[in-house]
Amino acid sequence: IDWGVYARSDRLVVKTFREEQDLSVLVLLDTSASMSVPASDRKWERSCEIALALAYIALMEQDSVCVSAPGMFDSPFYYGARAIHDLTKSLLSAERNPSVDFLREAQRAVAKVRFPGVAVLVSDFLMPLSDIQALVNVMRAKNLDITAIQVLGPGDTDPLRAAADVIAVDSETGEEMEIGLDSRQREQYAALLEDHNRSIQDIFGSARIRYTRADTTTSLADFLIRNLAVSGLLK
C-alpha cells in the first residue's frame, strides 16, 4: 500500500512492481561445408552479418550475448554496446574449418548454456532431418526460446543455372556423381528442396520454434525489418 497517497487522498492504492531480467542470447552459426557452397552465394558471410546485427541489438538492450560458430569460434558472453567491436573482430577473423562435425560441436556449445534465454540458430539446414531434430532436442532441453533462420542462396534454389551435364560433389562428404540437369531433373530438384524445407518447418512448428528464411539476394536491412519483425524475434 502506498501510504503517502493514502495520507493525501484518503484512498488505498497498491503499488505493483515488475522485476526486469536481463536475457542471455545465444546465436549459433552453422559451420558445415555447405555454408560456403557456392562461394558466390555468400551464405556464410550473410550468416555472420545476421549474427552481428542481432548481437548489437541485444547488447543495446543490455542483454548478454554469446556467438558460437562450432569448431571455429566460441565467444564468451559479452555485455554492453561497446562489446560489439570485439565480437565483430573475433568472429570475422576466425578461420573456418569446413570438415568439422557440426552437430557434435553444436551440441557441445548448447550444453554450456546454464540458464534459460534466447537462442537463434542460423543455418541453411541442408542436412539430414535427423541431425536437425537432434539439435532441436538439445536446445529445447535447455528451455531456450528458439528462432531458426534458414539462409539460402540462388545456388541452392536454382543450382548451376547455365549448366547441363555436370559432376556434382557433395560438399559435406566429397562424394561425386555425374548428373544431367535438364528441365525435368531441375523440377525434381525443386520439388525435393521444397519437401525438405517443409519437413524442417514441421520440426520447428511441432517444437514451437520460430522460423524465417533469409535469402542472400535480399538486403540485410530488409531481412531484419521485414522477416524478423514478422517472426516475433524483434519487437
Shortest non-hydrogen contact from Ala81 to Met60?
CB-SD, 3.4 Å

Residues forming a salt bridge (Lys or Arg N to Asp or Glu O under 4.0 Å) with Asp74, sequence neighbours excluded
Lys112

Hey, quick one: are Leu29 and Val151 part of the same hydrophobic cluster, counting side-chain heavy atoms closer than 4.5 Å, chains of contacts allowed?
yes

Check salt bridge (Lys or Arg N to Asp or Glu O under 4.0 Å) between Arg114 and all other residues, then give those that pass, not counting sequence neighbours.
none

In sequence, state the C-alpha distance, the side-chain angles, and the governing distance for Leu126 and Val37, and then conclude on side chain to side chain contact (heavy atoms under 4.5 Å, CB included).
CA-CA 11 Å; Leu126 298 180; Val37 179; over 6 Å; no

Which distance, rounded to the nearest 0.5 Å, do you find between the NE2 of His196 and the CD of Gln201?
10.5 Å

Kindly give the heavy-atom pair with the smallest separation between Gly155 and Asp41, and that separation in Å.
N-OD2, 2.7 Å

With side chain to side chain contact (heavy atoms under 4.5 Å, CB included) as the criterion, how do Val25 and Tyr78 come out once you've worked through the C-alpha distance, each side chain's angles and the decisive distance to 0.1 Å?
CA-CA 10 Å; Val25 179; Tyr78 285 98; over 6 Å; no

By ring pair (Phe, Tyr, Trp, His ring centres under 6.0 Å), Phe102 pairs with (sequence neighbours left out) none

Can you check side chain to side chain contact (heavy atoms under 4.5 Å, CB included) on Leu129 and Ile200, steps first, answer last?
CA-CA 7 Å; Leu129 296 176; Ile200 66 173; 3.4 Å; yes

Single-linkage hydrophobic cluster, 4.5 Å side-chain cutoff, Val136 and Leu26 together
yes

State, yes or no, whether a side-chain contact exists between Ile146 and Arg140 at a heavy-atom distance under 4.5 Å.
yes

State the CD1-CD1 distance between Ile209 and Ile203, to the nearest 0.5 angstrom.
9.0 Å

Val27, Leu59: one ILVMFWY side-chain cluster at the under-4.5 Å cut-off?
yes

For Val113 against Lys142, the heavy-atom pair lying closest together
O-NZ, 3.0 Å

Distance, nearest 0.5 Å, that separates CG of Asp101 from OG1 of Thr31:
9.5 Å

Establish whether Ile50 and Ile84 are linked, either directly or via other cluster members, by ILVMFWY side-chain heavy-atom contacts under 4.5 Å.
yes

To the nearest 0.5 angstrom, please state how far the OG atom of Ser130 sits from the CG atom of Leu135.
11.5 Å

Please report the shortest heavy-atom distance between Met35 and Ser47, naming the atom on each side.
CE-OG, 3.1 Å

Counting N and O atoms only, with roles assigned by atom type, does the side chain of Thr216 sit under 3.5 Å from a partner on the main chain of Arg42, one being a donor and the other an acceptor?
no

Nearest 0.5 Å, what's the CD-CD1 distance between Gln150 and Ile132?
8.0 Å

With ILVMFWY side chains joined below 4.5 Å, transitively, what does Phe115's cluster contain besides itself?
none

Hydrophobic clusters join Ile, Leu, Val, Met, Phe, Trp and Tyr when side-chain heavy atoms are under 4.5 Å apart, directly or via other members; which others share one with Phe77?
Tyr79

If I take atom CD from residue Glu45 and atom CG from residue Leu92, how far apart are they, to the nearest 0.5 angstrom?
9.5 Å

Please work out which of the three classes, parallel, tilted or perpendicular, describes the rings of Phe125 and Phe204, given edges at 30° and 60°.
perpendicular

Under 3.5 Å, is there a donor-acceptor pair between the side chain of Ser24 and the main chain of Ser64?
no

Would you say the side chains of Asn137 and Gln133 form a donor-acceptor pair under 3.5 Å?
yes

Please determine if Arg198 and Asp195 form a salt bridge, counting it only when a charged side-chain N lies under 4.0 Å from a carboxylate O.
yes

Same hydrophobic cluster for Tyr211 and Ile225, using side-chain heavy-atom links shorter than 4.5 Å among ILVMFWY?
no

Compare every heavy atom of Leu152 with every heavy atom of Lys43, then report the nearest pair and how far apart it is.
CD-CA, 4.1 Å

Tell me whether Arg46 contacts the main-chain N or O of Thr218 through its side chain, where contact means a donor paired with an acceptor under 3.5 Å.
yes

Any chance the side chains of Thr217 and Asp215 put a donor and an acceptor closer than 3.5 Å?
no

Glu105: salt bridge (Lys or Arg N to Asp or Glu O under 4.0 Å) partners, not counting sequence neighbours:
Arg108

Could you go through Met127 and Leu103, starting from their C-alpha distance and side-chain angles, then the distance that decides it, and tell me whether this counts as side chain to side chain contact (heavy atoms under 4.5 Å, CB included)?
CA-CA 10 Å; Met127 60 184 74; Leu103 176 59; over 6 Å; no

Say whether, by atom type as modelled, one donor and one acceptor occur between the side chain of Ser75 and the main chain of Val67 under 3.5 angstrom.
yes

Side-chain contact, heavy-atom cut-off 4.5 Å: Arg184 with Gln188?
yes

Treating Asp86 as the side-chain partner and Ala83 as the backbone partner, does any N or O pair qualify as donor plus acceptor under 3.5 Å?
no

Do any N or O atoms from the side chain of Asn227 and from the backbone of Thr212 form a donor-acceptor pair under 3.5 angstrom?
no

